[in-house]
Structures are given as structure tokens and as C-alpha cells.
Novice: 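One structure follows; several queries about it will come next.
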Amino acid sequence: MLLHRLAEVSREVAATAARNRKTALLAELFREAEADDVPIVIPYLAGRLPQGRIGVGWKVLGRPVPPAAEPSLTVREVDARLTELAGVSGPGSQAERVRLAGELMSAATETEQRFLLGLLTGEVRQGALDAVAVEGLAQATGADPAGVRRAVMLAGGLQPVAQGLLADGPAALDRFRLTVGRPVLPMLAHSASSVDEAVRKLGVCAVEEKLDGIRVQVHRDGDTVRIHTRTLDDITDRLPEVSAVVRGLAGRRFILDGEVISFGEDGRPRSFQETAGRVGSRTDVARAAAEVPVSPVFFDALSVDGRDLLDLPFAERHTVLAGLVPEPMRVRRALARGPQDIAEAERFLAETLARGHEGVVVKALDAPYSAGRRGASWLKVKPVHTLDLVVLAAEWGHGRRTGRLSNLHLGARTADGGWAMLGKTFKGMTDAMLAWQTERLRELAVEEHHWGVTVRPRLVVEIAYDGLQRSTRYPAGVTLRFARVLRYREDKRPEDADTVESLLLAHPGVLR
DNA sequence: TTCCGACAGTGGGGTCGCAAT
DNA sequence: ATTGCGACCCCACTATCGGAA
């Protein structure tokens, strides 16, 4: 199949609003693909590379090159070239990547260039990724959509399922079962604004502490232990002490879901930055492990001794978990029968925060494990802080925000009457707010840049954030975690904005 | 007819590893 | 030794479609 055909379909999908039509377009293309093309066409149309990320970004792609007049590239040829690109390393590799990428781009037509650019930078933006591709695959093969979705979750990705389906038809779905050693997409949580809201929604539930670490899925098969992240990356080699702990557990074959986190000598959790830095260290693992040891803390069991637990209610999965994993290695929890226990649940949240954790996750006790979904049966609750800050600058948006000032630079007052930038945010704005702030900020502009405008510090905006973290980038030495806009405060003057000093007082110990 | 669940998009900060400077 | 890039951890929120109620 020609890449040109894919690029045209991608363009048409992007230009189509109706999701059913997007699905149909993808299905049509999947039906056209030859067997050898399938493992390439499917991920491409889901906006990703079969090779995963291959170290090619905006810089490597460099300046635009003149497009080819006629389409000639086949998807298999593109795939082969990208595999070659992915393999380049060592001194001189950057120049070689640039050369190979340039060669590929000059062989592509304009439409193909646009598609390849999106694919390589991970920004296809056609309004259809995994979910729509899964639906399209089901339609193309006549398989049950729910069955395909489930198989994809269990296989950890679209590709093996697509190959099976196109080779053997719907019967292939039976092959995809939960298997120890093969990671499955983890279940995710929605947010709730309070414990009260969460417990009222879920009824009989567990309230579990939410640790601010790295999500892990741990597989043990005898003496073999594998540890995977939320995106199913294998990080076993970076966490030897976790493997050792898991080998010490009673069961021989199991899959557990949990978090790894580092505790300080005082028993309190270290900052997310410290845990993440440790888990990210690959070169001198022994030293990193000595300096910042991490511990696994589990909260779910997906499979134990050959039993697939996914469809069991959480209450039963937890009973199995508790039989396998001793208490300190499980998250703390409280049970709530429903609204009558809200006070207790709130007390548990307060205690959890006092112990230095992030918040709680409220989980329905009767719900199955919805692999790969953001199930409504898990609700996270975290405290939210707010500040009144001043807009110092704003950046032009992209995609559907093109032509709108989008990303705000946020400043707090300093002791000398100036402003210290604390970070940026693009979150929380409605279309109406985007339109309004674009106009207002242009009026306040003192300087225009290619990236946006700097403005007179006049506009006060109320910002929600999850906490303060250390920063080497911003002048106060701190930045906001997950900052988002709540509303503009036109009733406030810049002099009413919060100060760096009061912010640091509100979060003692962050700078130290 | 209205409501709501699921998706995709729009980007945020930090840290690590690697290659280039 | 320092800098810049890319990958990958953490993530919130809004708009939209289409099926459920």
C-alpha cells in the first residue's frame, strides 16, 4: 500500500467531525491493506509508530524540504527506513538522523510530509487515535467491538490483535487472555472534588491512600519478576530491590497493581521529584538504589496462581491480595458503607494527608477491573490550593487554539514590588475565555514576539494548583504543580495578587 | 428530548541519558 | 563541563459525539 493512500485517509478523517464516519473511513482502509502491510497500517492510522518513539523530534526534522511531485513511497518502505533511523546511535548519529529524515521527507509528497511529520512527532491530530482505530478494526473484521477492545487491553496494544483478526477472523479474539508475563493496560481513575461527592456516587466503597510515586504492574512467574509502568514500559532492571521484595512473597504466579515510592528515614514519603528521578535512573542503578531506595505498595491483584481476577468485584480481588501481600506492602484503606460513613472517610483523608501523601482514591467495592479504561468506579480526591496571580505574558495556541492567546505566564508579587514568574498554564479555559483573554491581552501588550505577547501586569487570574515543587527554571526557585485557570478576577488589582513570600509560607519545607 | 460517558486535544514541569558544543 | 533534545514520568480540563436514559 502506498503511504499516499494513508495520508489522504488521515486528512479526510481529520476533516470529518462525526466519529462514526471516522470509524468507517479507517475500517475501509484496514480492509484494503495486504497482510504484510497490516502491522504498519494499523499503528500509523492510530497515530503511532510500530517502533515506538524513535528519537526523532522537531529538531531532527529541521527545516521543510521540497516535496516530491508524485507519490512513490510504500508503507513497507517507510517502515524499513524508520527502523533504520531508530537504530542509529553513537557519535555523529544526530547528523545521520537528520540526513535520513531529510531523505525520507524529500521522497514524500506534500500530503505525505504532513502525515509523517505528525507521526514522528506524535501529533497526528486527526481526532481518532486508539479508541476509534479499535472500533474501525472491529468494523473491518466483523468482530464484536467490545471483544476487540478487551483483547487490545489484554494484549497491551492494537497490533497483535489486528494481526490475529485479519489472519484468522473473529475467532482470534479467544487467544487474548490475561497471561502472567504479558502486561495489560492499567485501570485509571476519574477525579472527584471531595470525599463526600465520591462516596455518594459510589455507595459501598474503599477509601485508599493515594501515593505520589510511579504506577507499576508487577508480574511474577516463579523466580522471574517483571515490572512495568503505566504505559507498559519494562523498568525491571531499574528496581532490583522491588524484584527482591516480590520474590519474597508467598505466591509463585501473580500479577499485582500498585505504586513504587521512596520513603525517607523518618518514614515519610519523599517528594515525587525524588522518586521519579530514582525510577528514571538507568546507568548506575546500584548507587541510585542505595541513595533513594523505593518500596512497592500494592492495591490490586489481577491474577493469582492461574486465576484471572479481572471480572471479580474489587472486594474479592482485595481479599486475594490481602492473602498474598502483608499489610505494610498494601496501601492503607478505610471502608465506607455509603453516605452514613462520610465523616469517617473524610477523617481518613485528613490522616493520609498528615502522613504526607497526595490524597485518596475512592473505589467501588463491587466493580470489576476495567483494564485500559478510566473507570467511573475509581475516583481520586486531592486537596486543591488556589492563588490570585498576574498574567505576565501569553503564547499563541496551536490546533483548535490557533489565533488565540492560550498559554499564560503567571507571576506572583515579590518583596521589591516586582513580579516573579511561577510557571505557565493553558488549562481550564473555555472557548469564551480564550476569545476574551486574547482581546484583553492584546490591549495590554507591550511587546509582540513570534511566540506571543508580553503584557503590562494588570490582569489578575485565580489559579488552582496541586502543590509547590522545586524548580531550577523559575526565579523564586519553585513552580506550581498542575496549575489551571479557575476564573479571571477583574474585581482585583495587581496589588491584590498573592506574593512569593506568602506562597512559600503556605508550603513550608519545599525550598529548605 | 436531555443527559452523560468516553475520547481527543491542548499543552504544563521535572528528570534522565545521550550527543553535540 | 555544559547545553539542548527527546523520552517518559506525573497530569487537568474542555469540547464534542453518540448512545443511554
Novice: Mind checking if A:Ala483 touches a base, just sugar-phosphate, or nothing, with heavy atoms under 4.0 Å?
Specialist: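 Touches nothing.
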Novice: Answer yes when A:Lys22 and A:Glu135 have at least one side-chain N-carboxylate O distance shorter than 4.0 Å, and no when they do not.
Specialist: no
Novice: So, A:Asp144 and A:Arg149, do they make that salt bridge, N to O below 4.0 Å?
Specialist: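 No.
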Novice: Charged N to carboxylate O under 4.0 angstrom, A:Arg215 versus A:Asp257?
Specialist: yes
Novice: Would you say the ring centroid of A:Trp451 lies under 6.0 angstrom from that of A:His409?
Specialist: yes
Novice: Nearest-Å distance, NZ (A:Lys427) to P (C:dC11)?
Specialist: 10 Å
Novice: Within the 4.0 Å heavy-atom criterion, would you say A:Gly52 contacts the bases, only the backbone, or no part of the nucleic acid?
Specialist: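 The answer is nothing, as A:Gly52 stays clear of every strand by at least 4.0 Å.
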Novice: At under 4.0 Å between heavy atoms, what does A:Val132 touch on the DNA or RNA strands: base, sugar-phosphate, or nothing?
Specialist: sugar-phosphate
Novice: Any salt bridge between A:Asp431 and A:Arg404, counting N to O under 4.0 Å?
Specialist: no
Novice: Map A:Gly399 and A:Thr472 onto DNA chain B by nearest heavy atom, then report which one ends up closer to the 5' terminus.
Specialist: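 Nearest nucleotide further toward 5': that of A:Gly399.
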Novice: For A:Lys210, report the nucleic acid contact type (base, sugar-phosphate, nothing); a contact means any heavy atom under 4.0 Å.
Specialist: sugar-phosphate
Novice: Rounded to the nearest angstrom, tell me the gap between atom NZ in A:Lys59 and atom C1' in C:dT3.
Specialist: 12 Å
Novice: Side chain of A:Arg481 only, please: which of C:dC17, C:dC13, C:dC10 is the nearest?
Specialist: C:dC10
Novice: Heavy-atom nearest nucleotide on DNA chain C for A:Trp58 versus A:Val216: which residue maps closer to 5'?
Specialist: A:Trp58
Novice: Would a distance-only check, ignoring hydrogens and angles, find a side-chain to backbone donor-acceptor pair under 3.5 Å from A:Arg484 to A:Phe482?
Specialist: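 Confirmed, A:Arg484 side chain pairs with A:Phe482 backbone.
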Novice: Any base atoms under 4.0 Å from A:Thr425, or only sugar-phosphate, or nothing? Heavy atoms, all strands.
Specialist: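 Nothing, no heavy atom under 4.0 Å.
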Novice: So for the helix from B:dA8-C:dT14 to B:dT21-C:dA1, with five pairs setting each end axis, what is the inter-axis angle to 10°?
Specialist: 20°
Novice: Taking CD from A:Gln51 and C1' from C:dG6, how many angstroms apart are they, rounded to a whole number?
Specialist: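 Interatomic distance, CD of A:Gln51 to C1' of C:dG6: 16 Å.
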Novice: 5' to 3' on DNA chain B, which nucleotides open and close the contacts with chain A (atom under 4.0 Å from a heavy atom)?
Specialist: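 Span of nucleotides near chain A: B:dA6 to B:dA20.
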Novice: Within the 4.0 Å heavy-atom criterion, would you say A:Arg19 contacts the bases, only the backbone, or no part of the nucleic acid?
Specialist: base
Novice: Between A:Asp466 and A:Thr430, which has a closest nucleotide on DNA chain C that is more 5'?
Specialist: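 Upstream on the strand: A:Asp466.
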Novice: Please check the phosphate of C:dC13 (OP1 and OP2 only) for any side-chain N or O of A:Arg484 closer than 4.0 Å.
Specialist: yes
Novice: Determine the contact category for A:Lys22: base if any of its heavy atoms lies under 4.0 Å from a base atom, sugar-phosphate if only primed atoms, P, OP1 or OP2 are that close, otherwise nothing.
Specialist: nothing
Novice: If you look at every strand shown and take non-hydrogen atoms under 4.0 Å, does A:Ala17 touch a base, only sugar-phosphate, or nothing?
Specialist: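 Sugar-phosphate contact only.
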Novice: Under 4.0 angstrom, heavy atoms only, what part of the nucleic acid is A:Glu123 near: base, sugar-phosphate, or nothing?
Specialist: nothing
Novice: Just call it for A:Ala376: base, sugar-phosphate, or nothing, with non-hydrogen atoms closer than 4.0 Å on any strand.
Specialist: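 The answer is nothing, as A:Ala376 stays clear of every strand by at least 4.0 Å.
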Novice: Specify the separation, in whole Å, of atom NZ of A:Lys424 and atom C1' of C:dC13.
Specialist: 19 Å
Novice: Check every strand shown and say whether A:Asp431 touches a base, only sugar-phosphate, or nothing at a heavy-atom separation below 4.0 Å.
Specialist: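 Counting heavy atoms under 4.0 Å across all strands, the contact made by A:Asp431 is with sugar-phosphate only.
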Novice: Between A:Gly92 and A:Phe482, just flag the one whose closest nucleotide in DNA chain B comes earlier from the 5' side.
Specialist: A:Phe482
Novice: Measuring to OP1 and OP2 of C:dC17, would you say a side-chain N or O of A:Asn20 lies under 4.0 angstrom away?
Specialist: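 The answer is no; no side-chain N or O of A:Asn20 sits under 4.0 Å from OP1 or OP2.
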Novice: Using a heavy-atom cut-off of under 4.0 Å over every strand shown, decide if A:Ile54 touches base, sugar-phosphate, or nothing.
Specialist: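 The answer is sugar-phosphate, as A:Ile54 gets under 4.0 Å only of primed atoms, P, OP1 or OP2.
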Novice: Would you indicate what A:Val60 reaches in the nucleic acid, counting non-hydrogen atoms under 4.0 angstrom: base, sugar-phosphate, or nothing?
Specialist: sugar-phosphate
Novice: Choose from C:dA12, C:dG19, C:dC10 the nucleotide whose nearest atom is closest to any side-chain atom of A:Ile214.
Specialist: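 Nearest nucleotide to the side chain: C:dC10.
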Novice: Between atom NZ in A:Lys380 and atom C1' in C:dC10, what is the gap in whole Å?
Specialist: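 Atom NZ in A:Lys380 sits about 9 Å away from atom C1' in C:dC10.
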Novice: Side chains of residues 183-195 of chain A: which donor-acceptor partners sit under 3.5 Å, not counting sequence neighbours?
Specialist:
unit_1   : atom_1 : unit_2   : atom_2 : d
A:His190 : NE2    : A:Arg374 : O      : 3.1
A:Ser193 : OG     : A:Glu197 : OE1    : 2.5
A:Ser194 : OG     : A:Glu197 : N      : 3.0

Novice: Establish, yes or no, whether the cationic atom of A:Lys424 lies under 6.0 Å from the six-membered ring centre of A:Tyr474 and within 45° of the ring axis.
Specialist: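 Checked: cation-pi criterion not met.
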Novice: Any base atoms under 4.0 Å from A:Thr275, or only sugar-phosphate, or nothing? Heavy atoms, all strands.
Specialist: nothing
Novice: Quick one: do A:Asp237 and A:Arg282 make a salt bridge, cutoff under 4.0 Å?
Specialist: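 Judged by the 4.0 Å cut-off on N to carboxylate O distance, A:Asp237 and A:Arg282 do not form a salt bridge.
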Novice: With heavy-atom distances below 4.5 Å as the criterion, would you say the side chains of A:Leu120 and A:Arg53 are in contact?
Specialist: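 A side-chain contact under 4.5 Å is absent here.
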Novice: Does A:Thr231 have a side-chain nitrogen or oxygen under 4.0 Å from the phosphate oxygens OP1 or OP2 of C:dC9?
Specialist: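 For C:dC9, OP1 or OP2 has a side-chain N or O of A:Thr231 closer than 4.0 Å.
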Novice: Taking the six-membered ring of A:Phe272 as reference, does the NZ or CZ atom of A:Arg481 fall below 6.0 Å from its centre and within a 45° cone about the axis?
Specialist: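 The answer is yes, since A:Arg481 meets both limits relative to A:Phe272.
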Novice: Whole angstroms only, please: what is the CZ-C1' distance between A:Arg215 and C:dC10?
Specialist: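 Rounded to whole Å, this separation is 13 Å.
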Novice: Distance check needed: C:dC9 P versus A:Gln217 CD, whole Å only.
Specialist: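 A:Gln217 atom CD is separated from C:dC9 atom P by 13 Å.
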Novice: Using only heavy-atom distances, determine whether the side chains of A:Thr23 and A:Gln139 contain a donor-acceptor pair under 3.5 Å.
Specialist: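 Short answer, no.
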Novice: How many whole angstroms separate atom CG of A:Leu232 from atom P of C:dC8?
Specialist: 12 Å
